[in-house]
Asks: 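Take a look at the following structure, please.
No experiment lies behind these values; they were computed from the predicted model shown.
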Amino acid sequence: MNQAAAAYYWPGENAVGQRMRFFGDDQPAEVVGLARNANYQAVGEAPQALIYLPLAQRYSADAVLYIRARDDAAATLEAVRREVQPLDPNLRLETETVDRTIRQALWAPRLTAWLLGAFGLLALLLSTIGIYGVVSYSVSQRTREIGVRMALARRQARCNAR
């Protein structure tokens, strides 16, 4: 079982060596080890309690096999498929890499971030155009005043030069 399941069933105690009975079973199952919590459904999910059972002792049609490959993942998946498929010809095997799983899990947050960035750039562009318009209007309203001030400044500069 994982750490979340151990904390749920035996809070503050050591779960290793504890026994639990599943619905419909006569024999209790013994906890032989703890696995770290992981994300099983989504990237940012809260830790969920999960119990791992050996497939040989407790067959389930819904089983997951995780494989870590150092080299080419496609070649490793094909080798695993060749070894596992003969065990049960009716077994349905679906393969997926961690990279693909992460890409699928993060498409919505990435799209949201991209859209927010695009809207931010649009807001920056519109505010720049607005500021330019206000300054341009202000300058056009004061053109005559600016001309008079320039003429007076030139006249003052000539008087000071004498």
Side-chain angles (χ1 to χ4, degrees), residues 1-140:
M1 72 175 37
N2 67 359
Q3 294 167 334
Y8 178 78
Y9 290 112
W10 298 286
E13 297 180 35
N14 185 7
V16 177
Q18 299 283 354
R19 294 178 174 268
M20 64 186 315
R21 191 179 306 264
F22 293 104
F23 181 74
D25 284 350
D26 296 332
Q27 295 290 330
E30 182 178 343
V31 178
V32 294
L34 290 180
R36 289 188 314 202
N37 293 331
N39 296 336
Y40 302 103
Q41 302 289 323
V43 175
E45 72 181 359
Q48 19 178 334
L50 193 69
I51 299 172
Y52 302 97
L53 299 168
L55 190 61
Q57 293 177 1
R58 199 174 243 299
Y59 179 76
S60 171
D62 300 325
V64 178
L65 176 64
Y66 294 101
I67 300 166
R68 178 180 289 185
R70 293 184 190 267
D71 298 324
D72 183 25
T76 304
L77 287 173
E78 190 54 41
V80 169
R81 183 181 288 280
R82 279 194 310 270
E83 293 296 321
V84 172
Q85 195 68 55
L87 298 175
D88 185 358
N90 296 324
L91 189 65
R92 183 184 72 166
L93 294 176
E94 295 179 19
T95 58
E96 189 171 310
T97 63
V98 172
D99 291 337
R100 183 167 180 252
T101 304
I102 290 173
R103 270 197 315 274
Q104 286 177 342
L106 292 178
W107 76 268
R110 284 182 179 162
L111 177 65
T112 303
W114 187 87
L115 284 173
L116 285 174
F119 287 134
L121 285 174
L122 181 63
L124 180 66
L125 176 69
L126 289 174
S127 63
T128 303
I129 291 171
I131 290 171
Y132 173 79
V134 168
V135 170
S136 174
Y137 177 75
S138 174
V139 168
S140 70

Asks: Taking only residues at least two apart or on different chains, which pairs with a member in residues 70-82 satisfy side chain to side chain donor-acceptor pair (under 3.5 Å)?
Replies: none
Asks: What residues, two or more places apart in sequence or in another chain, satisfy side chain to side chain contact (heavy atoms under 4.5 Å, CB included) together with E83?
Replies: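 With sequence neighbours excluded, E83 shows a side chain to side chain contact (heavy atoms under 4.5 Å, CB included) to no residue whatsoever.
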Asks: Excluding sequence neighbours, so at least two apart, what forms side chain to side chain donor-acceptor pair (under 3.5 Å) with E30?
Replies: R19
Asks: Minimum heavy-atom separation for A5 and A49, please, with both atom names.
Replies: CA-CB, 3.5 Å
Asks: Apply side chain to side chain donor-acceptor pair (under 3.5 Å) to Q3 and list each qualifying residue two or more places apart in sequence or on a separate chain.
Replies: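 Applying side chain to side chain donor-acceptor pair (under 3.5 Å) to Q3 gives none.
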Asks: Can you tell me if Y8 has over 12 outside heavy atoms packed within less than 6.0 Å of its OH?
Replies: no
Asks: In Å, rounded to the nearest 0.5 Å, how long is the span from CG of L34 to CE of M1?
Replies: 7.5 Å
Asks: Test of understanding: with side chain to side chain contact (heavy atoms under 4.5 Å, CB included), list the residues that count as partners of D99, not counting sequence neighbours.
Replies: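 So D99 forms a side chain to side chain contact (heavy atoms under 4.5 Å, CB included) with T97, R103.
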Asks: Please assess Y9 against V31 for the test side chain to side chain contact (heavy atoms under 4.5 Å, CB included), listing each intermediate value before the final yes or no.
Replies: CA-CA 11 Å; Y9 290 112; V31 178; over 6 Å; no
Asks: Please report the shortest heavy-atom distance between N37 and P47, naming the atom on each side.
Replies: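 Closest heavy-atom pair between N37 and P47: ND2-CB, 3.8 Å.
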Asks: For Q48 and N2, work out which heavy atoms get closest and say how close.
Replies: O-ND2, 2.8 Å
Asks: List the atom of E45, the atom of A38, and the distance in Å for their closest heavy-atom pair.
Replies: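 Minimum heavy-atom contact is OE2-O, 3.9 Å.
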Asks: Scan the side chains in residues 105-128 for donor-acceptor partners under 3.5 Å anywhere in the protein, sequence neighbours excluded, and list what turns up.
Replies:
residue	atom	partner	partner atom	Å
T112	OG1	A108	O	2.9
S127	OG	A123	O	3.1
S127	OG	L124	O	2.9
T128	OG1	L124	O	2.7

Asks: For Y137, does its backbone N or O pair with a side-chain atom of S140 as donor and acceptor, under 3.5 Å?
Replies: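 Flag set: sc S140 to bb Y137 pair under 3.5 Å.
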